[in-house]
Amino acid sequence: MKRKSNRYTLDVTSLNAFYGKAQILFNMSLGIDRGEVVVLLGRNGAGKTTTFKSIMGIVKPKGGKILFNGQEIQDLPPYQTCGLGLGYVPEDRRVFSRLTILENLEVGRQPERKGLEPWTYQRLFELFPNLSERRNQFAGTLSGGEQQMLTIARTLMGNPEVVILDEPSEGLAPVIVDQLAATIRQIKNEGVSILLAEQNLSFAKRICDRAYLIYHGSVCYESPLDQLDNDEYEKYCSI
Ligand code: ATP
């Protein structure tokens, strides 16, 4: 799918990525603007996680360009992409189970970023009241949903401009998914951009502005979420 380059805050153009000799991403192109919530929809194995890992510098792409605020980042290691303002919450949402919630948050701390209000404990605990009540508890004692919230809170401590969330609703009870949707909307309202992967379409429809359908390592369809063509979704994403 061709599109104009240099349009977005985070702008991925014609990215190719491999594991060994196996090519996983084929000319992957997508972007996200400030304050947007954008979702990658696709079946298991479509290449969503590999796209995120390539953006973060965990997987080194072979060919293609990633611009973040106009700066080329496709050759940078993860600590530098994080330092520039990209935050990543991987699918396995690991917390440091033998550290307290406060200590977990401290691990994520990074300097303030120009133009964004810095995240403090007070702001985070307003957003995540359940964590506030348990701030001195070991993270390993939290439920799966609370651990997901903690990984998001820890990522926000890095004062990111863009947060990448890999399947945030996976495995969570419906009531927790509702809380997560409300939290993501609040984070968006704070001016943070959010790029996520999802298989739960109804969850995505509640929080996302735009969708890319990912099929066999490339974008096959793009649209505002409220105009998503159901036939296209069924063709490329239904399980
Ligand atoms: P899922 O929801 O299953 O995570 P996804 O869309 O995020 O799906 P990826 O995790 O990016 O897909 O995987 C894309 C392809 O790359 C799959 O075929 C997967 O088996 C393969 N793959 C992923 N990680 C590796 C790896 N470390 N080594 C080799 N192949 C891998």
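None of these values were measured; they are calculated from a predicted model. Numbering of ligands and ligand atoms starts at 1, following listing order.
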Enumerated ligand 1 atoms positioned under 4.0 Å from heavy atoms of [X]:
X: Glu91; result: 4 (O)
X: Gln199; result: 2 (O)
X: Ala46; result: 5 (P), 6 (O), 12 (O)
X: Arg43; result: 6 (O)
X: Ile24; result: 14 (C), 15 (C), 16 (O)
X: Thr50; result: 9 (P), 11 (O), 13 (O), 14 (C)

Protein contact to [atom] [nearest heavy atom, distance to 0.1 Å]:
atom: atom 30 (N) of ligand 1; answer: Tyr19 CD1, 3.4 Å
atom: atom 18 (O) of ligand 1; answer: Gly45 O, 4.1 Å
atom: atom 2 (O) of ligand 1; answer: Glu167 OE2, 2.9 Å
atom: atom 10 (O) of ligand 1; answer: Thr49 CB, 3.4 Å

| query | Atom CG of Leu40 and atom CD of Glu198: how far apart are they, to the nearest 0.5 Å? | reply |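 Rounded to the nearest 0.5 Å, the CG-CD separation comes to 10.5 Å.
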
Given 3.5 Å as the limit, does a donor-acceptor pair link the side chain of [X] with the main chain of [Y], or not?
X: Arg135; Y: Ser132; result: yes
X: Ser193; Y: Asp33; result: yes
X: Gln23; Y: Leu25; result: yes

Between [X] and [Y] (salt bridge meaning N to carboxylate O under 4.0 Å), is one present in this structure?
X: Arg210; Y: Glu36; answer: yes
X: Glu106; Y: Arg109; answer: yes
X: Lys60; Y: Asp75; answer: yes

| query | What are the two closest heavy atoms between Val59 and Phe18, and how far apart are they? | reply |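 Answer, listing the atom of Val59 first, then Phe18: CG1-O, 4.5 Å.
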
| said: Measuring from non-hydrogen atoms of Gly47 to any atom of ligand 1, is the shortest distance under 4.0 Å? | reply: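 Within the 4.0 Å threshold, so yes.
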
| query | Can you check whether a protein heavy atom sits less than 4.0 angstrom from atom 23 (C) of ligand 1? | reply |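 Protein heavy atom within 4.0 Å of atom 23 (C) of ligand 1: present.
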
